[in-house]
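Each residue takes its place number in the sequence, starting with 1.
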Amino acid sequence: MNERILEVKNLQTHFFTEDGVVRAVDDVTFHVEKGRTLGIVGESGSGKSITSLSVMRLIASPPGKVVGGEILFKGQSLLEMSDAEMRTVRGNDIAMIFQEPMTSLNPVMKVGRQISEAIELHQKVSSGEARKRAVELLRMVHIPSPEKRYGEYPHQLSGGMRQRVMIAMALSCNPEVLICDEPTTALDVTMQAQILELIAELKARLGSAIIMITHAMGVIAETADEVIVMYAGRVMEYAQVDDLFQRPMHPYTRGLLDSIPKLNQSDEKLNSIRGMVPKPTEMPPGCPFNPRCDEARDICRKERPELMRIGEGQVACWKYCEAWEVNHHGE
């Protein structure tokens, strides 16, 4: 078993709004090991990005606040660190690639300087050394003519190149954990493939632990070792990637997989999950997925299922309650 670099236990992040309390992350638990990739998948509004921002302690307060749980980096609590201590961890030990590089990069600062500034801040090196390292990083992420690109502004680069700059910036201090928040959003399929290949190449070279956040099951299949499926701020299923695709347990997981277009699909209409994700302030009682679930029973509409271990995986579904009780009492 590899070393657990990051552990998140019973994380709860709430937003206190005029319309009520939004439980954006509701009792989420997972871990990620050195040299492995954890995929976090779900529809928009499922709490994926808020989970990652909670780990980075970048939740805007007010209105947001981590109200419960633990976030441990190599055994140390990130939630108990001072702001100054967290700044040394953020970017240096744990880095994040944000989903929209044009809004994440400073539009009036040259891209090379944005990378070298982070190196100077965390590595305590001279500006000349930081520049040299930044050019090396641009070359590492396969940006052509890196010396020239160092002196260009974000608007002068294509979307794919800007995303590569974001990756270079995230890798500037050799982080032990790299969080990728929808790193292929708004890119064409060719560029998506190149970015995913690049992330896999860098993981193999640096041995970092990676958290891959996405709504695309195809990205999960290509990159992840373990997967958590999130819905309405909660973990619906937690499994090894092969088990998830071959033996999905939760109806929501099966719905996501059935929504993937297939090459031999003759039907003109694609499969989809009926209904919409409920409003954060109007969550239904019981299982949050029950209004959209074809297998929902009375108990699903009344009581919220906890995450139960079934075989090698975990699932939050009343359908598996009897199997869980047999396994639980048999231990």
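Linking Ile, Leu, Val, Met, Phe, Trp and Tyr residues whenever their side-chain heavy atoms come within less than 4.5 Å places Phe73 and Val32 in a single cluster. A chain of hydrophobic side-chain contacts below 4.5 Å, direct or via other Ile, Leu, Val, Met, Phe, Trp or Tyr residues, connects Leu178 to Met86. When the side chains of ILVMFWY residues are joined at heavy-atom separations under 4.5 Å, either directly or via intervening members, Leu6 and Leu58 end up in a single hydrophobic cluster. In the hydrophobic cluster analysis, where Ile, Leu, Val, Met, Phe, Trp and Tyr join through side-chain heavy atoms closer than 4.5 angstrom, Met140 is grouped together with Ile167. No continuous path of hydrophobic side-chain contacts links Val277 to Val21 [ILVMFWY only; heavy atoms under 4.5 Å].
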**OP:** Decide yes or no on side chain to side chain donor-acceptor pair (under 3.5 Å) for Thr37 and Thr223, but give the supporting numbers first.
**Re:** CA-CA 7 Å; Thr37 298; Thr223 61; over 6 Å; no
Subject >> Derivation of the salt bridge (charged side-chain N to carboxylate O under 4.0 Å, His left out) call for Asp294 and Arg274 >> reply: CA-CA 9 Å; Asp294 295 329; Arg274 63 179 174 85; 2.9 Å; yes
Original post:
Can you check salt bridge (charged side-chain N to carboxylate O under 4.0 Å, His left out) on Glu7 and Arg4, steps first, answer last?
Top reply: CA-CA 7 Å; Glu7 293 184 81; Arg4 291 189 177 186; 3.3 Å; yes
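Taking a 6.0 Å sphere around CD of Gln76, one finds it holds 12 or fewer heavy atoms contributed by other residues, nucleotides or ligands. Residue-environment remark: NZ (Lys203) exceeds the threshold of 12 foreign heavy atoms within 6.0 Å.
Note on ring orientation: taking the six-membered ring where Trp is involved, the planes of Tyr252 and His250 are perpendicular (angle over 60°, cut-offs 30° and 60°). Between Tyr231 and Phe289, the angle of the ring planes goes over 60°, which puts this pair in the perpendicular group of the 30/60° scheme.
When the options Asn290, Asp27, Asp26 are evaluated for a side-chain hydrogen bond (donor to acceptor under 3.5 Å, both in side chains) with Arg304, the one that passes is Asp26.
Sorted by first and then second residue, the salt bridge (Lys or Arg N to Asp or Glu O under 4.0 Å) pairs involving residues 58-77 (not counting sequence neighbours) are Lys74-Glu176.
Remark: side-chain polar atoms of Thr214 are paired, donor with acceptor, to backbone N or O of Ala216 under 3.5 angstrom.
Side-chain contact between Met217 and Leu244: present, with at least one pair of heavy atoms (C-beta onward) separated by less than 4.5 Å. A heavy-atom distance below 4.5 Å is not found between the side chains of Ile228 and Glu237. Within the 4.5 Å cutoff, the side chain of Phe98 has no heavy atoms near those of the Glu182 side chain. In this structure the side chain of Met212 never reaches within 4.5 angstrom of the side chain of Leu38, judged on heavy atoms. Counting heavy atoms from C-beta outward, Arg234 and Arg23 have side chains that stay 4.5 Å or more apart. Contact of the Arg164 side chain with the Ile195 side chain is registered, since non-hydrogen atoms from C-beta on lie closer than 4.5 Å.
Ion pairing between a basic and an acidic side chain is recognised when a charged N comes within 4.0 Å of a carboxylate O; Lys319 and Glu295 show such pairing. We find that Glu129 and Lys132 are not joined by a salt bridge, their nearest charged nitrogen and carboxylate oxygen being 4.0 Å or further apart. Between Arg57 and Glu85, no side-chain nitrogen of the basic residue sits less than 4.0 Å from a carboxylate oxygen of the acidic one, so the salt-bridge criterion is not met. Salt bridge status for Arg149 with Glu152: present, with a side-chain N to carboxylate O gap under 4.0 Å.
Residues Thr281 and Asp19 have side chains that never bring a donor and an acceptor to within less than 3.5 angstrom of each other. Residues His215 and Glu43 bring no donor and acceptor atom of their side chains to less than 3.5 Å of each other. A donor atom on one side chain and an acceptor atom on the other are not found under 3.5 Å apart for Ser272 and Ser259.
Heavy-atom minimum distance, Met308 versus Cys317: CE-O, 2.9 Å.
Not a single side-chain hydrogen bond (donor to acceptor under 3.5 Å, both in side chains) links Asp225 to another residue, sequence neighbours left out.
The cationic group of Arg131 lies under 6.0 Å from the six-membered ring centre of Tyr150 and within 45° of the ring axis, placing it in a cation-pi geometry.
Atom CG in Asp181 sits 10.0 Å away from atom CE in Met166 (nearest 0.5 Å).
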